[in-house]
Novice: 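One structure coming up, written as structure tokens, with questions to follow.
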Amino acid sequence: MRTDVEEQSPILEGLNPPQQQAVRQIDGPVLVIAGAGSGKTRVITRRVAWMIDQGIPPWSILAITFTNKAAGEMRNRVATAMGRPLRDFGRLVHDSPTICTFHSLCLRILKHYAETIGLQRNFSILDVSDQQKVVKLALEACKIDPKRYSPSHSHAMISAAKNKLITPEMYAQAAGFVEKQFAPVYAKYQQLLRQNNAVDFDDLLMMTALAFRKHKAILDELSERFQYLLIDEYQDTNHAQYIIAHALVMKHRNICVVGDPDQSIYAWRGADIRNILDFEQDYSDAVVVRLEQNYRSSKRILDIASQLIKRNVDRKDKTLWTQNDEGEKAKLLLCADERDEAQQVTQQLKSLHEQQKINWNQMALFYRINAMSRVMEDALRRSGVPYEIARGVEFYNRKEIKDVLAYLRVIVNPLDEVSLERIINTPTRGIGDNSIRLMQAHATANQLALIDVLGRALEVQGLSKKASASAANLAKLFARWRGLAGITQTAELATSVQAIIEMVVRESGLEDHYRKESEEDIEGGPIENINELINSAAEFDDENPEANLETYLHQVSLVSDADHRGSEGAITLMTLHAAKGLEFPVVAIIGLEEGILPHERVKEDPSQLEEERRLCFVGVTRAQQQLILSRAQSRAYRGMVQRQMASPFLKEMPQGQIEVISSPGLGGGSGERLSSWHRDSEESQVQAEPKLKRGQRVQHPTFGQGTVADVTAMGPNTRVVIDFAKAGRKTLILEYARLTVVG
DNA sequence: AGGTCGACGTTTTTT
DNA sequence: ACGTCGACCT
């Protein structure tokens, strides 16, 4: 070990000893447990810069992040540290360090080795709603009642299987009844995707992992190239990602994973927290570095966060500390309902802006579910507070945007019938459901693709004159567009993506269609959205001079937040999940209520309670100086007004650090009210905690009667094991179990 | 063919 | 509350 007598490289400047170790330990397996606010991003960037400084070829470094946004940020920071811009262009081969997400890496791999793997390079990437459409087709083909297995549920099952690298064949051999019944749907779904020359998000991972198994040459080549692997947010990797990563490093073993088990919030998406917890078992020679000094939050905020997360039982103990100031107490706003809550929070933020001169962009507001943003937006707008929603996929889910993209997809990938069907009659051109079905039948009978039938629609029996003329017309348009996009063999100069989109929007009739539909360019109207898409395409053209339409579409499929930079003077609104990795001087979290945070689904699956607590922890630890929490006594959700109980998390926080403020809207406003957030919780606890003993008969609202087999006292986490007569053995969290004692 | 109206499920979170 | 889907009307 070198000593600090040695002259220090500027790359290590300003880093504390564990941070320096995390930067300098470049060979062999390294696990960095990076607590919230411990300067993780800094360490990762410096580490990349350090490696390059040590003479490691940049192109042999692969850094994987969780979101595109994180990748972009890191790319910028590394570029700054290196003093030169990074070249990338979304391809697999280039001379800079590769910094991207797992999905983007896999996309590059699949494209690069498309022929070996047996894919056509111009495949479409289906978004969630397209995926569900295909699932629905598969369900119908298998004659399964969509009420028994809803498309969304079915898709979730397929997705879960893929993330565990379970193929349709393996699925069919699984023991369970549900799997046996569902296996044909999964198989059909995959077959439909291949027919359409399409993949879904999970395929990107699964196909890559399987390709590594099947084609040793690919794996050899890639592990030869990427000698140094760095994975951020390792606590949120799923099994497929785990396999991909470990296959890549098998030879050289230079793997550095960075993460924080306390911030694992994606189990619902297949993330496996064991990946990080078991890293030391996977690599017995792993060097473990713990970053526990927090540079972000005040002492009070950190105390709140620590006390909260301490309640998790399934957890590696970790103590965050900080040299920062004590800070101010957090505030808890007690509100009457969701509108009152929005109003109160707005007032608080407004007074911070006016009295303490805090900029709007220094503030953020988090909520558990997207639906909660609406009321908040209304209140902010009425009070004239500028805000911006870091909305994920929302923009690309807009009807008009999906329409435009569907046209583009068909241009690039004529086999994409999911897209073709979407726009074949949008705008309406006289090709109805009937005509489509006729043409599809003709296609199947003659072993043609639907797109090919368009051109010879006259041959199709029973097709109306109008329909066949329109179809032929559309076919001609597509042929022309394909030529101009540089896709056919007779390709002239490939046109810019922006120009192609403008042309398609005009010539397809979409523009006129949407002009007519809504009276001119209303703000947020379809025409304006399409223009925004065109603008972003222009940016894409600038940044990727040698890209084509295909690259553009692939990129767009993987990008969710269209580079939403919260740089302007506006408050940022987002879900708690989206907040991961960010920090703000002022943070407000709304809806600290049972059923919201924690979400009501934990009532059915208590194992999720700890993840909800981590989610709350993530929210709290985003705050640097001020934390505002709020809860409403009643809330309208899905059209129903419900009385809301305080979140159990509130009483797990140290009360000395929280000032409770009662909204005038509550009425009464007596001293008794002031502590009601606490009282509510006590009540529910008293109610839910009948002194249970082993052998006690109990009644559960859904599972029926049962006998207590075991009780593990852990305060708010107290668990009971119950043998139910009908439902079998279940482990429940007492507080949520709604048990009543029998007899 | 294409648009309008009511019933219905639905969404917790995102690549 | 919202959007999607199917039945029914123009």
Side-chain angles (χ1 to χ4, degrees), chain A residues 64-71 100-107 125-129 131-133 136 146-147 150-153 155-156 159 162-163 199-206 233 236-238 240-241 264-271 338 366-375 390-394 396-399 425-436 463-467 470 517 554-561 574-581 591 595-605 608 611-612 614-616 618-619 635-641:
Chain A
I64 299 177
T65 59
F66 193 69
T67 61
N68 294 298
K69 200 169 147 210
C100 63
T101 64
F102 263 110
H103 286 86
S104 157
L105 172 73
C106 291
L107 171 63
I125 302 174
L126 299 191
D127 69 26
V128 176
S129 63
Q131 289 170 36
Q132 294 203 358
K133 244 179 238 162
K136 220 181 139 199
K147 274 177 191 133
S150 74
S152 64
H153 180 224
H155 180 250
S159 177
K162 287 185 176 179
N163 285 326
V199 303
D200 65 16
F201 287 126
D202 307 308
D203 276 338
L204 293 173
L205 302 176
M206 182 166 81
E233 306 283 11
D236 285 321
T237 49
N238 62 33
Q241 294 166 333
S264 158
I265 53 175
Y266 283 95
W268 54 272
R269 209 174 85 186
E338 75 278 5
F366 309 148
Y367 33 80
R368 178 62 178 82
I369 50 182
N370 278 312
M372 292 167 74
S373 75
R374 197 171 214 103
V375 185
R391 214 26 146 218
V393 290
E394 192 75 352
Y396 291 99
N397 273 341
R398 295 228 138 88
K399 192 171 164 294
N425 202 29
T426 309
T428 51
R429 47 171 74 85
I431 308 176
D433 287 351
N434 235 340
S435 312
I436 296 175
L463 204 59
S464 75
K465 248 189 173 159
K466 189 178 166 200
S470 294
E517 191 178 84
H554 282 159
Q555 199 234 224
V556 155
S557 314
L558 295 187
V559 159
S560 56
D561 42 31
M574 66 182 101
T575 63
L576 283 162
H577 283 86
K580 191 170 72 160
I596 301 283
L597 181 66
H599 191 265
E600 57 187 333
R601 265 173 75 145
V602 303
K603 287 174 188 163
E604 283 125 54
D605 183 4
Q608 287 183 14
E611 177 149 318
E612 295 287 314
R614 289 194 290 267
L615 192 53
C616 189
V618 165
R635 183 179 297 276
Y637 180 48
R638 281 206 214 152
M640 283 209 317
V641 181

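Residue numbering restarts at 1 for every chain, and letters A, B, ... go by the order of the sequence lines.
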Novice: Does some side-chain heavy atom of A:Tyr637 sit less than 4.5 Å from a side-chain heavy atom of A:Ile369?
Specialist: yes
Novice: I need the CG-P distance between A:Leu463 and B:dA1, as an integer number of Å.
Specialist: 8 Å
Novice: Considering every strand and a 4.0 Å limit on heavy-atom distances, what is the contact class for A:Ser464: base, sugar-phosphate, or nothing?
Specialist: nothing
Novice: Is there a side-chain contact between A:Phe102 and A:Asn238 (heavy atoms, below 4.5 Å)?
Specialist: no
Novice: As a test of reading the structure: which of B:dT14, B:dG2, B:dT13 is closest to the side chain of A:Thr428, going by heavy atoms?
Specialist: B:dG2
Novice: Counting side-chain heavy atoms from CB outward, which of B:dT14, C:dC2, B:dT15 is closest to A:Arg374?
Specialist: C:dC2
Novice: Without decimals, in angstroms, what is the distance between A:Asp236 CG and B:dT15 P?
Specialist: 12 Å
Novice: What nucleic acid atoms does A:Asn425 come within less than 4.0 Å of, heavy atoms only: base, sugar-phosphate, or nothing?
Specialist: sugar-phosphate
Novice: Roughly how far, to the nearest 0.5 Å, is the NZ atom of A:Lys580 from the OG1 atom of A:Thr575?
Specialist: 11.0 Å
Novice: Would you indicate whether the side-chain heavy atoms of A:Asp200 and A:Lys162 approach each other to under 4.5 Å?
Specialist: yes
Novice: So what does A:Ser104 touch, heavy atoms closer than 4.0 Å: a base, only the sugar-phosphate, or nothing?
Specialist: nothing
Novice: Is there a side-chain contact between A:Met372 and A:Arg635 in this structure, where contact means two heavy atoms from C-beta onward sitting under 4.5 Å apart?
Specialist: yes
Novice: Given B:dT14, B:dT13, B:dA1, which nucleotide is nearest the side-chain atoms of A:Ser435?
Specialist: B:dA1
Novice: A:His577 has a side chain; which of B:dT14, B:dT15, C:dC5 sits nearest to it?
Specialist: B:dT14
Novice: In whole angstrom, give the distance that lies between atom CG of A:Asn434 and atom P of B:dA1.
Specialist: 5 Å
Novice: More 5' along DNA chain B: A:Val128 or A:His599, using each one's nearest nucleotide?
Specialist: A:His599
Novice: Rounded to the nearest Å, what distance is computed from the NE2 atom of residue A:His155 to the P atom of nucleotide B:dT15?
Specialist: 15 Å
Novice: Could you please name the option among B:dG2, B:dT14, C:dC5 that lies closest to any side-chain atom of A:Lys136?
Specialist: C:dC5
Novice: For A:Thr575 and B:dT14, is the shortest distance between a side-chain N/O and OP1 or OP2 below 4.0 Å?
Specialist: yes
Novice: Grab the CG-C1' distance between A:Asn238 and B:dT15 for me, whole Å please.
Specialist: 10 Å
Novice: Between A:Arg429 and A:Tyr266, who's closer to the 5' end of DNA chain B by nearest nucleotide?
Specialist: A:Arg429
Novice: Would you mind reading off the distance between A:Tyr396 atom OH and B:dT15 atom C1', rounded to a whole angstrom?
Specialist: 14 Å
Novice: Pick the P atom in C:dT4 and in B:dT13, then give their distance to the nearest Å.
Specialist: 16 Å
Novice: If you only use heavy atoms from C-beta on, which nucleotide in B:dG2, B:dT15, B:dT11 is closest to the side chain of A:Tyr637?
Specialist: B:dT11
Novice: Check the angle between the aromatic planes of A:Phe66 and A:Tyr266 and answer parallel, tilted or perpendicular using the 30° and 60° thresholds.
Specialist: tilted
Novice: So which nucleotide from B:dT11, B:dG2, B:dT13 ends up closest to the side chain of A:Ser152?
Specialist: B:dT11
Novice: Report the distance from atom CG of A:Asn397 to atom P of B:dT13, rounded to the nearest whole Å.
Specialist: 12 Å
Novice: What's the CZ-P distance between A:Arg635 and C:dA1, to the nearest Å?
Specialist: 15 Å
Novice: Should A:Asn370 be listed as having a side-chain N or O under 4.0 Å from OP1 or OP2 of B:dT13?
Specialist: yes
